[in-house]
Number of protein chains: 2
Amino acid sequence: MIGGSLALALKAAGFASRVLGYDRDPGALAAGLEAGVIDSACEDLDAALAADIVVIAVPNVAAAALLEELLARTAHGHEGPVLTDVASVKGNLAAAAARGGPAPRFVPGHPIAGSERSGVGAANGALFQQHRVILTPLPEQDGDALALVRRLWESAGADVVCMGVAEHDAVLAATSHLPHVLAYCLVDDLAASPRREALFRFAAGGFRDFTRIASSDPVMWRDVALANRDALLEAVDEFSARLAALREAIASGDGVRLEATFSAAKTARDAFAEQQASAGREARRRPF
Amino acid sequence: MIGGSLALALKAAGFASRVLGYDRDPGALAAGLEAGVIDSACEDLDAALAADIVVIAVPNVAAAALLEELLARTAHGHEGPVLTDVASVKGNLAAAAARGGPAPRFVPGHPIAGSERSGVGAANGALFQQHRVILTPLPEQDGDALALVRRLWESAGADVVCMGVAEHDAVLAATSHLPHVLAYCLVDDLAASPRREALFRFAAGGFRDFTRIASSDPVMWRDVALANRDALLEAVDEFSARLAALREAIASGDGVRLEATFSAAKTARDAFAEQQASAGREARRRPF
């Protein structure tokens with residue numbers, strides 16, 4: 001879904017004259033060709049390395065293994081294409097790149113865009129417009145490689161920002177990885193209940209929105225949880241401590257504390273929604 | 001918001017020829033009159049009791065106190081209008097009704113509809129169309145009173161179902177009250193972080209949907225948490241135990257377990273979304 005969406009965006013923008021696809025699943029390649037998402041399918045990794053830029057668009061753990069394989073075939077990135085990726089965790093990719101020495105032409109990247117859908121059939125060339133892409137340059141980063149990957153994402157309509165690997169992984173653990181774990185956990189909890197049928201029958205719009213992310217690809221999110229283990233555990237523990245405090249306020253009937261917590265959250269959430277809305281208005285005013 | 005939306009729906013459907021409003025806040029009454037949501041404003045509770053049906057549309061703890069006051073003024077419901085309410089918890093209202101003897105003409109009700117907005121300015125006459133309303137009849141329920149409240153909600157376009165008070169409160173604790181607590185807890189957690197600014201800056205669409213319910217009215221949800229304490233604590237504890245198990249799977253790198261949990265949740269969530277979508281298609285086929 002992410003790789004296909006980027007392919008469509010880059011072709012529409014004229015950034016890429018030709019997009020090659022490589023996938024271990026021949027069915028995905030055939031679907032990509034059929035839909036015009038890719039121009040040709042590569043039979044093997046070496047054929048893919050003929051490109052100017054290789055975008056690794058697979059789940060986080062597989063992405064690290066694939067990066068190591070590509071680095072092994074390109075004299076640790078000193079030959080061949082600029083390499084980048086789109087995975088949600090950057091620490092395990094930075095570590096994979098570091099094994100075997102500096103890899104200055106690998107640029108870790110993460111588009112903050114997506115949906116609960118997956119696969120090339122869900123590709124959407126407008127997916128990245130007005131969305132942020134975070135690049136987490138490595139200490140040894142080659143400036144030209146970084147500039148090329150920045151232009152690639154800007155061609156797709158994205159706003160590119162840079163931050164450190166550890167900062168990225170902590171921020172995403174709190175705002176994305178933890179919410180996914182909570183949503184999966186809640187739905188799994190309800191699905192295991194003896195009241196299951198009534199629960200889903202009477203769940204409403206609030207529940208639908210709250211659990212939308214629990215329809216996301218399980219393999220991708222398994223890999224995120226494994227790859228970002230330490231930051232995610234910290235976020236889970238922080239959240240659990242707050243939930244335990246809130247539980248105590250409920251148990252003791254502490255209405256003042258409950259209202260204070262709910263009000264503080266509402267204020268922060270309303271400010272976030274307003275900030276997102278005004279960023280959207282701002283983006284729509286700019287020429288694309 | 002709920003009371004005003006019902007007033008608009010009942011006037012549009014011709015169910016109510018005149019809607020009286022009573023509120024301790026004169027500004028809310030003036031806004032309701034100005035917007036045409038109510039036809040006239042009552043100066044006191046006794047004036048409101050001149051109606052055929054009184055709908056108590058205030059947060060849960062206040063609703064119980066108001067119900068007791070109305071029952072005291074109507075010989076415990078043996079005189080005056082049929083009484084009903086719209087609060088999210090039914091146990092504390094059933095208990096309030098029971099104080100002082102049976103109240104056969106009070107019909108506890110709960111429309112499964114709403115939004116994160118509140119106040120008469122957010123009133124929407126179409127709010128209940130194709131939504132469920134749960135009535136939880138009391139053992140002593142008067143049949144005519146129940147039938148009248150059922151017709152009221154059906155006039156507003158809702159599907160009415162009946163269930164027991166305890167079953168209602170357990171189902172809603174799991175599917176609505178717990179998700180609200182989790183969403184408030186997460187946003188409060190992030191808002192208290194030293195990284196606060198970066199967190200909200202890089203949060204994306206998944207976070208926006210997951211936390212939408214944290215923009216709900218804090219007083220209403222304080223009252224829900226207080227009124228449904230036991231069922232909510234049970235739901236929180238059940239969830240916390242599952243989250244602790246998931247935490248252990250993350251900590252030990254148990255990818256098999258993570259994928260199994262995420263897959264089970266995705267399957268259940270996809271089925272729920274499909275069920276909601278087909279219920280929506282079905283409802284649109286029926287003449288309103």
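Just so you know, these numbers use all the heavy atoms, side chains as well, and skip hydrogens, waters and symmetry mates. Each chain gets a letter, A, B and so on, in the order the sequences are listed, and its residues count up from 1. These numbers were taken from a predicted model, which means no experiment stands behind them.
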Legend entry - Top of Leu190(B), Ile213(B), Thr211(B), Asp270(B) for chain A proximity - count of heavy-atom pairs under 4.5 angstrom: Thr211(B)
Inset, instruction - If the plane angle is over 60° it's perpendicular, under 30° parallel, otherwise tilted; pick one for Phe210(B) and Phe210(A). - result: parallel
Legend entry - Per-residue contact mode, Arg132(A) against chain B (heavy atom under 4.5 angstrom): side chain
Inset, instruction - Flag the pair Asp169(A) and Lys90(A) as a salt bridge only when some basic side-chain nitrogen lies within less than 4.0 angstrom of an acidic carboxylate oxygen. - result: no
Legend entry - Under 4.5 Å from a heavy atom of chain B, the part of Ala273(A) involved: neither
Legend entry - Aromatic ring pairing Tyr184(A)/Phe262(B), orientation class (parallel under 30°, perpendicular over 60°, tilted between): parallel
Legend entry - Most contacts with chain A, counted as non-hydrogen pairs under 4.5 angstrom, among Ser216(B), Ala251(B), Ala268(B): Ala251(B)
Legend entry - side chain to side chain contact (heavy atoms under 4.5 Å, CB included) between Arg208(B) and Arg269(A), worked out: CA-CA 8 Å; Arg208(B) 187 183 56 231; Arg269(A) 203 297 178 163; 3.6 Å; yes
Inset, instruction - Please look at Thr267(A) and chain B and tell me whether the side chain, the backbone, both or neither of the residue comes under 4.5 angstrom of a heavy atom of that chain. - result: neither
Legend entry - Partner chain B: residue of Ser176(A), Ala192(A), Ala265(A) with the largest heavy-atom pair count (under 4.5 Å): Ala265(A)
Inset, instruction - Name the region of Arg196(A), side chain, backbone, both or neither, that has any atom closer than 4.5 Å to a heavy atom of chain B. - result: side chain
Inset, instruction - Sort out for me which of His180(B), Arg257(B), Arg247(B) touches chain A most, counting heavy-atom pairs under 4.5 Å. - result: Arg247(B)
Legend entry - Residue among Asp209(A), Val256(A), Leu172(A) with most heavy-atom pairs under 4.5 Å to chain B: Asp209(A)
Inset, instruction - Name the option with the most non-hydrogen atom pairs under 4.5 Å to chain B; the candidates are Val187(A), Ile112(A), Leu178(A), Ile134(A). - result: Val187(A)
Legend entry - Engaged part of Leu232(A) at the chain B interface, taking heavy atoms whose separation is under 4.5 Å: side chain
Legend entry - Spacing of Asp223(A) atom CG and Asn92(A) atom CG [to the nearest 0.5 Å]: 8.5 Å
Inset, instruction - Heavy-atom distances under 4.5 Å only: say whether Val236(A) touches chain B with side chain, backbone, both or neither. - result: side chain
Inset, instruction - Take Val160(B) and Leu135(B) through the side chain to side chain contact (heavy atoms under 4.5 Å, CB included) test and state the conclusion after the steps. - result: CA-CA 7 Å; Val160(B) 176; Leu135(B) 303 181; 3.6 Å; yes
Inset, instruction - Sort Asp237(A) into side chain, backbone, both or neither according to what part of it lies under 4.5 angstrom from a heavy atom of chain B. - result: side chain
Legend entry - Residue part contacting chain B, namely of Ser263(A), when any heavy atom lies under 4.5 Å: both
Legend entry - When Ala174(A), Ala191(A), Gly205(A) are compared by non-hydrogen pairs under 4.5 Å with chain B, the top option: Ala174(A)
Legend entry - Distance (rounded to the nearest 0.5 Å) between His110(A) NE2 and Leu93(A) CG: 11.0 Å
Inset, instruction - Would you mind telling me which of Ala260(A), Ala170(A), Pro179(A), Ala204(A) has the largest number of heavy-atom pairs within less than 4.5 Å of chain B? - result: Pro179(A)
Inset, instruction - Find the one option among Val161(A), Val181(A), Leu182(A) whose heavy-atom pairs under 4.5 Å with chain B are most numerous. - result: Leu182(A)
Legend entry - Segment of Leu246(A) engaging chain B (4.5 angstrom heavy-atom cut-off): side chain
Inset, instruction - Could you look at Glu259(A) and say if it's the side chain, the backbone, both or neither that has a heavy atom under 4.5 Å from chain B? - result: both
Legend entry - Test: Glu154(A) and Arg150(A) ion pair at under 4.0 Å: yes
Legend entry - Separation between CG of Asp217(A) and CZ of Arg222(A), rounded to the nearest 0.5 Å: 9.0 Å
Inset, instruction - Flag the one option from Asp254(B), Ile250(B), Leu258(B) with the top tally of heavy-atom pairs under 4.5 Å to chain A. - result: Ile250(B)
Legend entry - Cationic N near anionic O, under 4.0 Å, Glu238(B) to Arg242(B): yes
Inset, instruction - Look at the rings of Trp153(B) and Phe128(B) and say which category their plane angle falls in: under 30° parallel, 30 to 60° tilted, over 60° perpendicular. - result: perpendicular
